[in-house]
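Taking it in order: structure first as structure tokens, then the write-up.
Sequential numbering from 1 along the given sequence is applied to the chain's residues. Values reported hereafter were calculated over all heavy atoms of this structure, with side chains retained and with hydrogens, waters and symmetry mates removed.
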Amino acid sequence: MTEHEHVRVAVIGSGFGGLGAAVRLRREGVTDFVVLERAGSVGGTWRDNSYPGCACDVPSHLYSFSFAPNPDWPRTFSGQEHIRAYLEHVADVFRLRPHLRFDSEVKMMTWDADRLCWDIETSSGRLSADLVVSATGPLSDPKTPDIPGLDSFPGKVFHSARWDHDYDLRGKRVAMVGTGASAIQIVPAVQPEVAQLTLFQRTPPWVMPRVDRSITGFERRLHQQLPFTTHARRGLLWGIRELQVQAFTKRPNELGLVEKLAKSNMARAIKDPALRAKLTPDYRIGCKRILLSSTYYPALAQPNVDVVASGLSEVRGSTVVAADGSEAEVDAIIFGTGFHVTDMPIADRVVGADGRTLAEAWKGGMEALRGASAAGFPNWMTIIGPNTGLGNSSMILMIESQLNYLADFVRQLDVLGGRAALDARPSAVHAWNRRVQERMKRTVWNTGGCTSWYLDAGGRNTTIWPGTTTEFRRATRRVDLAEYEVLRGRDAKAIKEDQQGKQGTQGEQGKGDKEEVNA
């Protein structure tokens, strides 16, 4: 990266969102862009999460780009290694390699109101960009709780998203902290080889069977020779999940039958009534993420597994102490405690038009127009932004909708011509957020009686989309200029005069000149 490189678009992150944005930019005829990646390869969360048993809980043919179908998925639910290989394939097929800048972690992004561009400081140098697409993703920065005494623990400690493959778990006494999506895959993968596994469970999850199987050679040949069968399979998977949305968003009480199925799944493997009681949730299914596994409960029933129905509260030497006072001697502690979702660290590194960071602007809770644009941060868009998450379907569907919005954003800037930027109006952002939060009130995520990672510190659900993917696709099909302020830059002479103390400024200080647009 050159010292003062300038590009039209800088994409942050090379997971599904970042690579998807890169492909869409190329399709829009934009080739002057870079993809900034802090690691040394593409893949995002599917690169970072390489723990034993790591796999997707969305069917393979739905967890891939519509513009890059993969007829060769080996299983109905793909493992981490297959998804990562798919993303590498996307980078190759769509000729994205020349745009990738590895080992380039973004340290700070600052809006320059005079030049109408973003100044970006990375670990590999500086550059500027007219438009920034932040695709860092909500599952990129692990969250480890602050446990008293953890620093003095003499054994091995790591997070599931930073798995230490050099550490041999065989014959070890292991503490697994957390019972989320990662933990229920890790537990059955490591249980047969460890001497003792102590599982610290604050809240039991609802777990449904994971009907996974190998995709036959015949199916794969069929998808290769008749591509429409791949699209048909994807469409069927999508349609089933669209029909399920009503129960999550409008009629949570209808989920009672699903709870019975989940309890039956547990009863088949857990015969001990006391253990079943520990593992039975006391909240409506769907309030927290529904997990899929056919091996989790059988693993918990094994004699070398102890389920502690309480969170880890303290570490004393090699002894881990639960909130209920129970203790265990362990050699390793593995945290499956999730990620910084509603407090993403990237927000501290984005400085907007008024000098505030995005974290400061979102102090009262994340909100962005159509999940993409934050007020006061011109020409800045986020992929998988506030209230774009899903509780029952594929995030690739939401990502592709946001890519449609990005494409029209670029087109609108082209139509405006010259040096221009679009800044979401606060009134539009607030109106969008009010509608989303109003719809959220009746959903299972807000009424189900649980505390989940979907909620921020203030108890607001700023993570999930309270509707179908079809509704979101309609809402993001185009940019409505009436929801934005158009900023016009000043010419170089005016900027120079201003720097010399002369009266060269026109318009509002700090935001460039505004152009009112009515659509």
Who pairs with [X] by side-chain contact (heavy atoms from CB on, under 4.5 Å), at least two apart in sequence or on another chain?
X: D72; result: N70, R220, Q224
X: T45; result: N49, L139
X: K250; result: Q246, R442
X: A421; result: W111, L116, P378, N379, L487

Give every donor-acceptor pair under 3.5 Å between a side-chain atom in residues 14-25 and any protein atom, sequence neighbours left out.
| from | atom 1 | to | atom 2 | distance (Å) |
| --- | --- | --- | --- | --- |
| S14 | OG | E37 | OE1 | 2.7 |
| R24 | NH1 | N404 | OD1 | 2.7 |
| R24 | NH2 | N404 | OD1 | 3.4 |

### Task
Could you point out which residue of S394, P69, S66, P59 forms a side chain to side chain contact (heavy atoms under 4.5 Å, CB included) with R234?
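When side chain to side chain contact (heavy atoms under 4.5 Å, CB included) is applied between R234 and each of S394, P69, S66, P59, only S66 qualifies.
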
Are [X] and [Y] ion-paired here, with the side-chain N under 4.0 Å from a carboxylate O?
X: D414; Y: R411; value: no
X: D141; Y: R38; value: yes
X: D480; Y: R370; value: no

### Qualifying residue for side chain to side chain donor-acceptor pair (under 3.5 Å) with D130, from R419, H6, R8
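That would be H6.
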
Apply salt bridge (charged side-chain N to carboxylate O under 4.0 Å, His left out) to [X] and list each qualifying residue two or more places apart in sequence or on a separate chain.
X: R75; value: D212
X: D348; value: none
X: R356; value: D354

### Task
Taking ring pair (Phe, Tyr, Trp, His ring centres under 6.0 Å) as the test, write out the residues that go with H82, two or more places apart.
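For H82, no residue satisfies ring pair (Phe, Tyr, Trp, His ring centres under 6.0 Å) once neighbours in sequence are set aside.
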
### Qualifying residues under ring pair (Phe, Tyr, Trp, His ring centres under 6.0 Å), relative to F158, sequence neighbours excluded
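Counting only residues at least two positions away or on another chain, F158 forms a ring pair (Phe, Tyr, Trp, His ring centres under 6.0 Å) with W163.
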
### Query
If you look only at pairs with a residue in residues 383-394, which of them pass as a salt bridge (Lys or Arg N to Asp or Glu O under 4.0 Å), with sequence neighbours excluded?
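Every pair satisfying salt bridge (Lys or Arg N to Asp or Glu O under 4.0 Å) with a residue in residues 383-394: there are none.
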
### Task
Check the pair Y405 / F472 against side-chain contact (heavy atoms from CB on, under 4.5 Å), numbers first and verdict last.
CA-CA 11 Å; Y405 197 70; F472 190 75; over 6 Å; no

### Message
Just checking W73 against Y86, ring centres under 6.0 Å apart?
### Response
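Between Y86 and W73, which both carry aromatic rings, the centre distance is below 6.0 Å.
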
### Query
Would you say R101's side chain and P98's backbone share a donor-acceptor pair under 3.5 angstrom?
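Pair found, side chain donor or acceptor close to backbone of P98.
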
### Query
Got L236 and H61 here, is their nearest side-chain heavy-atom distance under 4.5 Å?
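With C-beta onward as the side chain, the pair stays apart.
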
### Query
Could you go step by step and tell me if S78 and S60 meet the side chain to side chain donor-acceptor pair (under 3.5 Å) rule?
CA-CA 6 Å; S78 291; S60 302; 2.5 Å; yes

### Task
Classify the angle between the aromatic ring planes of F248 and W445 as parallel (below 30°), tilted (30 to 60°) or perpendicular (above 60°).
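If you compare the ring of F248 with that of W445, the planes turn out parallel.
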
### Task
Could you walk me through whether S401 and R473 pass the side chain to side chain donor-acceptor pair (under 3.5 Å) test, one step at a time?
CA-CA 5 Å; S401 291; R473 181 64 58 96; 2.5 Å; yes

### Task
Locate the shortest heavy-atom distance separating R162 from D48; write the atom from each residue and the value.
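Looks like NH1-CB, 3.6 Å.
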
### With C287 via disulfide (SG to SG under 2.5 Å) - residues at least two apart
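Per chain and number, C287 pairs via disulfide (SG to SG under 2.5 Å) with C450.
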
